[in-house]
2 protein chains.
Amino acid sequence: MPPTQAPTSKAKTRSEINYGLLPELVGYQLRMAQIALFRDFAQGPGELDVTPGLFGVLVIIEANPDLKQSDLARATHLDRSTVVTVIDNLERRGLVDRRAALHDRRSNALRLTTEGTALLRKLKRQVTQHEKRLLGNFSEAERQSLFKLLQKVFPEHR
Amino acid sequence: MPPTQAPTSKAKTRSEINYGLLPELVGYQLRMAQIALFRDFAQGPGELDVTPGLFGVLVIIEANPDLKQSDLARATHLDRSTVVTVIDNLERRGLVDRRAALHDRRSNALRLTTEGTALLRKLKRQVTQHEKRLLGNFSEAERQSLFKLLQKVFPEHR
DNA sequence: TATTGTTATACTCTATAACTATA
DNA sequence: TATAGTTATAGAGTATAACAATA
């Protein structure tokens, strides 16, 4: 006869906890997937101390040479003052340059440095691996399906 | 003849910006959906100053009367010290009680107060509306599909 | 020895408001 | 007047390390 479960005061494992209505909420699943994503991104093999947010900023700067900070703010849904902090960070690490913009002396023209370009190349490989881990047991049809459904929740692109 | 587009220094709209490979990444779409979700949650009609995270904590405490803080930490993937802050916050607002646990004098037994239970009832209605807004243009089949695919990314429940 | 809750501390990410230089 | 960048400041949200009480 196996020992009876103690009725109280034993530490509960995750699966012994009642999550109420949470698992039924798409919003909750989205949140949890995002947490898993972030941890895997930060701690994957060969972690390079760049968050998903910073990675996005580097990609956008590379794809839009001489982008203004205000435009970057709009693209990332960040406040202009937040972009200052972000670019300070990337400039301190030698990944991004603030240059003088040509036709508007108020603006900065953002560019990746040589180091920034090199790091981004590595990061892109890392992100590709990260996506593969995340979607390891997905068929291609499932991947595309998830993709389209997420775009439908947040229809900014396409 | 329409005026030609100025080649430089004009403010770019979101859709004029090149997002590089970002829109092809499931991780990016997940992140953006999460940002949209959070903003809608916080700013929906009749906003009640509770984040998705706090809502989750309230639901879990209600569903597990006399839960210990350590178990809550495990359930939410938060550090024990972070749970102290979270419960301090909810206790200050009169939504949660720390009671003495029965068989372990180290532990607290967490309970919703009457006010906490009442607020959670309102929040649940609000979250249901939030989910409806978020998935307004989804068919039921699409909703279920998104749901299952997200669970597959983060397979903690089920 | 190990676990529970706590404190002290710090770091990241973000925003608001007010300022300056420039348009 | 309006916009671009900046500064000062503040508030979430989170973690690590060390500690006392208890198991």
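All of these numbers come straight from a predicted model, not from anything done at the bench.
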d(CZ, B/Arg99; P, C/dG5) in whole Å: 16 Å
Whole-Å distance separating the CG atom of A/Asn108 from the P atom of C/dT22: 12 Å
Joint cluster assignment, B/Ile61 & B/Val84, ILVMFWY side-chain distance < 4.5 Å: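 Shared cluster, no.
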By side chain to side chain contact (heavy atoms under 4.5 Å, CB included) - contacts of A/Val59 (at least two apart): A/Phe55, A/Leu120, B/Leu21, B/Leu22
Counterpart residues, side chain to side chain contact (heavy atoms under 4.5 Å, CB included), relative to B/Lys122 (two or more places apart):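 With sequence neighbours excluded, B/Lys122 shows a side chain to side chain contact (heavy atoms under 4.5 Å, CB included) to B/Leu48, B/Arg125, given in chain and number order.
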Distance (rounded to the nearest 0.5 Å) between B/Leu54 CG and B/Arg93 CZ: 6.0 Å
Straight-line distance of A/Gln29 CD to A/Glu24 CD, nearest 0.5 Å: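 These two atoms lie 8.5 Å from each other.
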Bend angle of the helix from C/dT1-D/dA23 to C/dA23-D/dT1, from helix axes over five pairs at each end, nearest 10°: 0°
Salt-bridge present (A/Asp71, B/Lys10; N to O < 4.0 Å):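 A salt bridge is absent here (no side-chain N lies under 4.0 Å from a carboxylate O).
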Minimum-distance pair of heavy atoms, taken over all atoms of A/Ala75 and A/Glu156: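 Scanning both residues, the minimum pair turns out to be O-OE2, 4.2 Å.
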Smallest separation among heavy atoms of B/Arg111 and B/Pro65, with atom names: NE-CB, 4.3 Å
Short side-chain N/O contact to C/dG5 OP1/OP2 from B/Arg106, under 4.0 Å: no
Per-nucleotide protein contact string for nucleotides 9-20 of chain C (B base, S sugar-phosphate only, - none; heavy atom under 4.0 Å): ----SSBBB---
Hydrophobic cluster partners of B/Leu37 (side-chain heavy atoms under 4.5 Å): A/Val26, A/Leu30, A/Leu37, A/Leu134, A/Leu135, A/Phe138, A/Leu146, A/Phe147, A/Leu149, A/Leu150, A/Val153, B/Val26, B/Leu30, B/Leu134, B/Leu135, B/Phe138, B/Leu146, B/Phe147, B/Leu149, B/Leu150, B/Val153
B/Arg99 side chain reached by B/Asn108 side chain, heavy atoms, under 4.5 Å: no
DNA chain D: 5'-most and 3'-most nucleotides touching chain B, 4.0 angstrom heavy-atom criterion: D/dG13 to D/dA23
